Amino acid sequence: MGCGDLFFSLLITFSAALITYNILISANAPLKQELPGPSSRSSLLVDPIIKMPFERSSSGKKRLFHTAVTASDSVYNTWQCRVMYYWYKKHKDGPNSEMGGFTRILHSGKPDKFMEEIPTFIAQPLPSGMDQSIDDLKPLEPDHIIVKPIPNLSKGGLGAAFPFFYIEPKKYESVLRKYFPEDKGPITTIDPIGNSPVIVGKESLKKIAPTWMNISLAMKKDPETDKAFGWVLEMYAYAVSSALHGVGNILYKDFMIQPPWDTEVGKKFIIHYTYGCDYDMKGKLTYGKIGEWRFDKRSYDNVAPPRNLPLPPPGVPDSVVTLVKMVNEATSNIPNWGS
């Protein structure tokens with residue numbers, strides 16, 4: 001079976017989860033197929049690695065990973081996917097890149113008019129009625145821009161993931177023990193991660209994905225858990241599922257930034273534009289209040305942003321300026337933008 005066959009067998013499993021976010025899928029497949037159980041990997045008993053050097057395999061060959069982004073066919077998701085794919089192509093063959101192929105997992109169940117522009121796999125939605133309990137979950141968007149070529153940050157059987165400050169397993173231990181019993185290990189086994197960005201072995205993700213779906217549904221049906229986790233429920237579900245299958249992660253703080261709170265791009269690889277950026281004309285942040293200048297993806301839920309968005313006023317941080325410039329470059333070069 002070729003690499004393409006292996007990848008698409010993974011996608012069929014993953015698409016059943018119907019969870020809208022980005023996954024970076026590594027070409028590594030280090031783990032054996034097995035059911036969840038106590039992990040024999042002792043490294044999970046200590047805090048995960050925070051940083052790691054850029055390393056190639058011992059043979060000197062690139063360890064390519066496949067980039068997958070899941071999305072609906074809404075205008076909102078589609079323009080973000082188009083911008084993301086533009087920058088993926090721009091950096092794919094750049095210095096130190098180990099970026100392989102790219103697939104948009106379209107979970108509308110039917111083709112759209114961007115099939116020729118973006119490599120796409122059509123996933124079928126969950127069976128009617130099965131998704132009722134998660135209908136009111138806040139959908140998570142493909143709102144990531146690749147800033148520079150990404151090497152394969154996974155290493156030694158570990159995935160690579162961004163540590164989110166608001167994913168706090170120790171704080172919510174009493175809730176999480178419903179899904180991660182004490183016999184599975186200490187609560188610190190659960191990494192403070194979400195499902196994006198993540199670089200994870202294909203075989204590992206094949207095991208994680210069904211568990212992720214089932215735990216997401218179970219968490220949503222439980223009032224205590226639903227109240228505790230809210231819009232990050234699916235992120236907790238992924239972290240728990242990863243831990244149940246013994247898949248640990250290198251916590252890579254330089255994986256991405258989130259403007260406006262992160263002000264410098266620096267050595268980061270991804271800009272995650274989940275927050276609105278509001279400033280007055282003196283460059284002062286007015287978060288929580290619509291600014292005289294603003295960029296907020298939510299302003300473009302029914303229509304794609306126009307070309308040549310106005311740049312921020314002087315004094316606005318580099319991260320926000322870079323974000324808007326990159327959106328503008330993409331929209332200026334993508335054919336039939338706004339169609």
Side-chain angles (χ1 to χ4, degrees), residues 1-25 27 64-92 99-132 134-146 195-198 200 202 205-206 208-210 212-213 216-217 234 273 297-298 300-307 327 330-339:
M1 181 181 290
C3 292
D5 295 328
L6 282 171
F7 174 63
F8 280 104
S9 66
L10 176 149
L11 283 182
I12 292 168
T13 302
F14 176 53
S15 66
L18 191 63
I19 297 182
T20 311
Y21 222 40
N22 307 300
I23 297 288
L24 300 178
I25 303 172
L64 299 180
F65 61 87
H66 196 107
T67 301
V69 54
T70 64
S72 72
D73 59 359
S74 68
V75 171
Y76 186 58
N77 269 194
T78 300
W79 71 257
Q80 293 174 40
C81 284
R82 298 179 79 191
V83 170
M84 182 183 184
Y85 185 56
Y86 172 86
W87 285 105
Y88 157 82
K89 291 189 296 181
K90 190 97 169 178
H91 294 305
K92 178 180 181 295
M99 298 159 65
F102 184 102
T103 300
R104 176 183 60 148
I105 306 172
L106 183 62
H107 59 67
S108 63
K110 59 184 185 297
D112 67 5
K113 62 183 179 182
F114 298 101
M115 302 287 291
E116 296 298 322
E117 179 179 324
I118 307 173
T120 299
F121 175 86
I122 299 172
Q124 297 303 314
L126 290 171
S128 179
M130 187 177 178
D131 60 349
Q132 288 182 0
I134 57 172
D135 278 348
D136 59 344
L137 280 176
K138 180 183 181 295
L140 302 174
E141 302 82 29
D143 51 357
H144 293 61
I145 291 180
I146 298 171
N195 43 297
S196 172
V198 171
V200 61
K202 291 184 292 186
L205 187 56
K206 283 182 182 181
I208 291 169
W212 178 23
M213 178 184 72
S216 294
L217 291 168
E234 291 164 288
Y273 52 102
K297 63 179 183 177
R298 297 162 190 82
Y300 307 105
D301 55 348
N302 294 315
V303 62
R307 286 173 166 159
V327 170
T331 61
S332 294
N333 288 281
I334 295 173
N336 302 312
W337 182 258
S339 63

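In this chain, residues are counted from 1 in sequence order. All values reported here derive from a predicted model rather than from experimental measurement. Just so it is clear, the values below take in all heavy atoms, side chains as well, and ignore hydrogens, waters and symmetry mates.
- In this view, K89 satisfies the side-chain hydrogen bond (donor to acceptor under 3.5 Å, both in side chains) rule with no residue, not counting sequence neighbours.
- Remark: T78 OG1 to L106 CG distance equals 7.5 Å, nearest 0.5 Å.
- Here the straight-line distance linking atom OG1 of T67 with atom OH of Y88 works out to 6.0 Å at 0.5 Å rounding.
- Under the ring pair (Phe, Tyr, Trp, His ring centres under 6.0 Å) criterion, F114 pairs with no residue, sequence neighbours left out.
- Contact detail for I105 and A123: the closest heavy-atom pair is CG2-CB, 3.9 Å.
- Of the N and O atoms on the side chains of R104 and T120, at least one donor lies less than 3.5 Å from an acceptor on the other residue.
- Looking at I208 and N195, their side chains never come closer than 4.5 Å, going by heavy atoms from C-beta outward.
- Across every non-hydrogen atom of I122 and K110, the tightest pair is CG2-N, 3.5 Å.
- Residue W337 holds its CH2 atom at 6.0 Å from OG1 of T331, rounded to the nearest 0.5 Å.
- Smallest separation of non-hydrogen atoms from P142 and C81: CG-SG, 3.5 Å.
- For the atom pair D301 CG and Y76 OH, the distance stands at 7.0 Å (nearest 0.5 Å).
- Going from atom CD1 of I146 over to atom CE of M99 covers 4.0 Å, rounded to the nearest 0.5 Å.
- Checked against side-chain hydrogen bond (donor to acceptor under 3.5 Å, both in side chains), S108 has no partners two or more places apart in sequence or in another chain.
- Across all their heavy atoms, G100 and K92 have their closest contact at O-CE, 3.1 Å.
- Annotation: the span from R82 atom CZ to N77 atom CG amounts to 13.5 Å, rounded to 0.5 Å.
- Put simply, the residue from W87, Y85, Y86 that forms a side-chain contact (heavy atoms from CB on, under 4.5 Å) with V83 is W87.
- Annotation for R307 and S332: closest pair NE-CA, 3.9 Å, computed over non-hydrogen atoms.
- For the residue pair T70 and H107, no side-chain donor N or O sits within less than 3.5 Å of a side-chain acceptor on the partner.
- Ring orientation note: the planes of Y300 and W79 are nearly perpendicular, at an angle over 60° on the 30°/60° scale.
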